[in-house]
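Since the structure is predicted, the reported quantities are computational estimates derived from the model, not experimental observations.
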Amino acid sequence: MEEVTEAVSNLTIAEGAAGAGGSAEAHKKNRIQVSNTKKPLFFYVNLAKRYMQQHNEVELSALGMAIATVVTVAEILKNNGLAVEKKIMTSTVDVKDDSRSRPIQKAKIEILLGKTNKFDELMAAAAEEREAAEAEEQS
């Protein structure tokens, strides 16, 4: 768990080189595309916290089976008083499958979360607890 937190803390968010124009590009900077196989759940929770610190909101996006992971991440953030739902969008997208001649449809969800009024206060308190625990370990 500590490795995940450390990896998220050391993460730098790079500008996208997609070349999309104006506000569409600004909107993509705070999007997390969630997979239910690549990273552990709390990696996405900690990453979403980091994005909210930098951008005041985060968009969680997933396809198919990863939808449950996105909903869980959003609920963890909401139940801990860190985030509020701003918007939930659902749709289907065509995904090209090499084994089939025609594309298959997959469910897609996008959840836009914003900071709560207590977000900065809660994050500061969590950082203090972490520092106290580290100091206790070293003594």
>> What verdict does the side chain to side chain contact (heavy atoms under 4.5 Å, CB included) test give for V93 and L63, after you've listed the backbone C-alpha separation in whole Å, the side-chain angles of each residue and the deciding distance to 0.1 Å?
In response: CA-CA 8 Å; V93 292; L63 293 177; 3.4 Å; yes
> If every non-hydrogen atom of K29 is compared with every non-hydrogen atom of Y51, which pair is closest and at what distance?
Replying inline: O-CE2, 3.4 Å
> Which pair of non-hydrogen atoms, one from F119 and one from Q53, has the smallest distance, and what is that distance?
Replying inline: CE2-CG, 3.5 Å
With a 4.5 Å cut-off on side-chain heavy atoms, are [Y] and [X] touching?
{"X": "N36", "Y": "V34", "answer": "no"}
{"X": "K87", "Y": "M89", "answer": "yes"}
{"X": "E57", "Y": "M52", "answer": "no"}
{"X": "I76", "Y": "L41", "answer": "yes"}
{"X": "E59", "Y": "L113", "answer": "no"}
{"X": "I104", "Y": "D94", "answer": "no"}
{"X": "K108", "Y": "E110", "answer": "yes"}
{"X": "L122", "Y": "N80", "answer": "no"}

For the [atom1] atom of [X] and the [atom2] atom of [Y], what is their distance to the nearest 0.5 Å?
{"X": "M123", "Y": "R50", "atom1": "CE", "atom2": "CZ", "answer": "9.0 Å"}
{"X": "S35", "Y": "F43", "atom1": "OG", "atom2": "CZ", "answer": "11.0 Å"}
{"X": "K106", "Y": "S91", "atom1": "NZ", "atom2": "OG", "answer": "13.5 Å"}
{"X": "K39", "Y": "T37", "atom1": "NZ", "atom2": "OG1", "answer": "10.5 Å"}
{"X": "K38", "Y": "Y44", "atom1": "NZ", "atom2": "OH", "answer": "7.5 Å"}

> Which is it for L60 and V71 under the side chain to side chain contact (heavy atoms under 4.5 Å, CB included) test, yes or no, and what are the steps along the way?
Replying inline: CA-CA 9 Å; L60 303 169; V71 172; over 6 Å; no
> Is K115 salt-bridged to D120, going by a charged N under 4.0 Å from an acidic O?
Replying inline: yes
> Tell me the salt bridge (charged side-chain N to carboxylate O under 4.0 Å, His left out) pairs involving residues 67-81, sequence neighbours left out?
Replying inline: E75-K78, K78-E85
> Counting only heavy atoms not in K86, do more than 12 sit closer than 6.0 Å to its NZ atom?
Replying inline: yes
Out of curiosity, does [Y] fall in the hydrophobic cluster containing [X] (side-chain heavy atoms, cut-off under 4.5 Å, transitive links)?
{"X": "V84", "Y": "L77", "answer": "no"}
{"X": "V73", "Y": "I88", "answer": "yes"}
{"X": "I109", "Y": "M65", "answer": "no"}

>> Holding to salt bridge (charged side-chain N to carboxylate O under 4.0 Å, His left out), I want the full list of residues that pass it with D97, two or more places apart in sequence or in another chain.
In response: none
>> Before you tell me yes or no, could you show the steps for V58 and K49 under side chain to side chain contact (heavy atoms under 4.5 Å, CB included), namely the whole-Å CA-CA distance, both residues' side-chain angles and the distance that decides it to 0.1 Å?
In response: CA-CA 8 Å; V58 64; K49 288 178 189 177; over 6 Å; no
